[in-house]
Amino acid sequence: MVFVTQIAENNIFCEELTVKHYKNILKCCYGEQPNKQIFVETITNILAELTKTSALFYKNLSVIDLFCFLIDIRINSLGNSTDISFTKDNKKLNLELNLNDFKDYILSLKTNLDTTITTSNITIFVECPSSSRLLQLQTQNPNYISFIKRVETSAGILNVIDDSQAETLFDNLPPSVSIEILKYFKNVIDHISNANYLSKYGINEEQLTFVPSLDSLIWFTKLLFSESLSMLYENIYCLAHVAHLSAEYIENCVVGEYIYFVNCLKKTTKPQENSSDSNTENIDNQIGEL
Amino acid sequence: MSLENKELLNFLKDLSTQNTFSVNLYPRSVDNIPSIECVPLTTSQLKKLIETVVDSPITQSVFNSTVTDIFKSCTKSSLPNDVNIIDRLLFLIETRINSLSPTANFKEEEKEIAVDFNEIKANLQKKLLENLSDLTSTSFSDNQIIINYGLPLLEAETRLNEEVYKKIKLKVDDMEEFRKTLGEAFIHEIAKTITSVEVNNQTLHFNTLTFSDRVKVVESLPSSAVQHVIGFIETYKKIIEEALTINGYTLSIDGSLFSIR
């Protein structure tokens, strides 16, 4: 089945996430410091397959639009909420994060990032950088250079393709224009620093803030798709071994079906909990909570 | 060169030719005020100017060299040979107006002073015309020697910076070295101002000499002759200082001019 989403003011039809894609998302996010290039390559290829578009389109998409699309995929595959835990007044608290609401918060960040700077006869288009631009960074977080997208003057239009071009262009702009770009970036930093999603719940001790960087995108992807990889493999094994579903079939199921099958398997194996059959006990204990 | 970089360079070339402005240079005579077309400062050039904020207060050589280089690269045609330090000052003020803003606020002893660079420019141009006779190249002669001198040319100053000041590593806490550098800076000012020396019908053009040779010649000149050169230097510096003073505040011509918006 397909669902429709809006990306950069375009309606995009997207197929549901399969277990194979889901597994690859978990794999590319796996570990303390996932490889950013592998993450971008994997995610953009998955999105390209699901939407029958090119991966390059997603690599050139702003990282906020990319993240919003991931949220939509998450909502349509695993539901529109996820649990987060944090500490308040030395107590551990859980919060059910409404992903539709969270997506609205992310989109509100975008309205402050994407804008134009016009002085005399030069117009600079600045926007949240794409994942391909962020991959070029030497530092962890983007600077003002990464936000320069396009320049228009009476002499013509220049679409900036990478940070090296952006830097050369910036150095050759009149200071009156470059100063405006720096002011814009300072406003971006101020706005993002004050945009803590948790503050709407009166929680200021902890931060849940999306920063337009690959580290932030990876962290939030892990939040959206929080099942552990080992648990996924164990569930696939149990579905194959106990429910006699072929691994190939399972991988081609959509994620919703996979969850349904896992829950069915748990129900069918539960009555066998009190039996003396130790193998069944082991299987039931192995089926992970989703 | 890749297509993208070629496109970028062409774009940048077109960008630089937009919004040109003209600078009226130092009046060569009352009826001859040459003017040159300049392109606006780029951000990269502005960064270089701001970096000179920590330049030595004695020599200001880094700032002067930076401005001279920018002056040469911003003019649409090549600079004339007789371009001097006042031409450069006029360019500096005009480029400040056109590349950043025509006004700025400066702090002096906790007071904030508003400076209008158009006013400074008008004041400077007026002072130059009023005092043209005092600023024109002239000479001193007695029975033995003729010394020709005038406003220091950029060519002389560039040579001074390249040959001498670039190699100096000033230790301000070493008083002896500090005194020595101060003394040398004084002699260098004189050497910049003198254009030629005639002795026994033989002319020594200073632009044919290295700067250290210029200094040697200056040091061998009679002090009675050099006094006139010093008088000329004091005159033109006073005229410039008066032109740069508005409402009791004298504008400093250094990197800080471009670090304030």
Side-chain angles (χ1 to χ4, degrees), chain A residues 56 59-60 116-126 129-130 132-133 135-137 142-190, chain B residues 1-21 37-53 66-67 69-71 73-74 76 91-105 117-118 255-261:
Chain A
L56 189 62
K59 284 177 188 168
N60 291 333
T116 55
I117 296 167
T118 303
T119 60
S120 56
N121 55 353
I122 300 174
T123 302
I124 310 283
F125 292 82
V126 285
S130 64
S132 63
R133 286 286 289 270
L135 275 175
Q136 296 164 22
L137 288 178
N143 61 27
Y144 55 91
I145 291 293
S146 308
F147 285 72
I148 301 174
K149 178 88 178 166
R150 191 165 89 247
V151 179
E152 279 183 18
T153 73
S154 53
I157 299 171
L158 181 78
N159 287 307
V160 177
I161 57 170
D162 55 36
D163 276 13
S164 155
Q165 255 198 5
E167 191 146 9
T168 306
L169 178 74
F170 183 84
D171 278 347
N172 282 281
L173 286 172
S176 54
V177 179
S178 56
I179 284 168
E180 291 304 314
I181 293 174
L182 293 173
K183 279 184 188 169
Y184 152 80
F185 189 66
K186 185 183 175 297
N187 287 338
V188 163
I189 293 171
D190 288 342
Chain B
M1 188 186 289
S2 71
L3 192 60
E4 295 95 0
N5 283 335
K6 208 172 171 184
E7 186 196 347
L8 173 67
L9 286 170
N10 286 339
F11 185 87
L12 292 174
K13 200 174 150 191
D14 288 335
L15 193 69
S16 73
T17 57
Q18 297 192 19
N19 299 325
T20 57
F21 58 94
E37 279 293 295
C38 294
V39 296
L41 217 59
T42 65
T43 300
S44 163
Q45 288 168 331
L46 178 68
K47 280 189 216 171
K48 286 178 189 161
L49 285 167
I50 291 170
E51 279 163 14
T52 67
V53 165
T66 306
V67 178
D69 289 341
I70 291 171
F71 189 13
S73 55
C74 279
K76 291 184 88 172
F91 161 75
L92 201 63
I93 293 171
E94 194 71 61
T95 216
R96 200 336 176 155
I97 293 166
N98 281 277
S99 301
L100 282 180
S101 65
T103 58
N105 291 327
F117 292 106
N118 278 313
S256 64
L257 208 58
F258 290 86
S259 62
I260 296 161
R261 185 77 164 91

(request) Give the minimum heavy-atom separation between L100(B) and I179(A), together with the two atoms involved. (result)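 It is CD2-CD1, 3.7 Å.
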
(message) Quick test of your reading: applying ring pair (Phe, Tyr, Trp, His ring centres under 6.0 Å), list the pairs with at least one residue in residues 151-175 of chain A, sequence neighbours left out, ordered by first then second residue.
(response)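 Listed by first then second residue: Y144(A)-F170(A).
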
(message) Less than 4.5 Å apart, side chain to side chain, heavy atoms only: is that true for P175(A) and S99(B)?
(response)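 Side-chain contact under 4.5 Å: yes.
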
(request) Let me know if V160(A) has heavy atoms under 4.5 Å from chain B in its side chain, its backbone, both or neither. (result)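 Interface part for V160(A): neither.
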
(request) Please look at I122(A) and chain B and tell me whether the side chain, the backbone, both or neither of the residue comes under 4.5 angstrom of a heavy atom of that chain. (result)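 I122(A) touches chain B through side-chain heavy atoms alone.
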
(message) I'd like to know if the side chain of T43(B) reaches the main chain of L173(A), judged simply by a donor and an acceptor atom lying under 3.5 Å from each other, with no hydrogens or angles considered.
(response)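 Yes; at least one donor-acceptor contact below 3.5 Å.
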
(message) Using only non-hydrogen atoms and a strict under-4.5 angstrom cutoff, which residues of residues 44-53 of chain B touch chain A?
(response)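 Checking residues 44-53 of chain B against chain A gives S44(B), L46(B), K47(B).
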
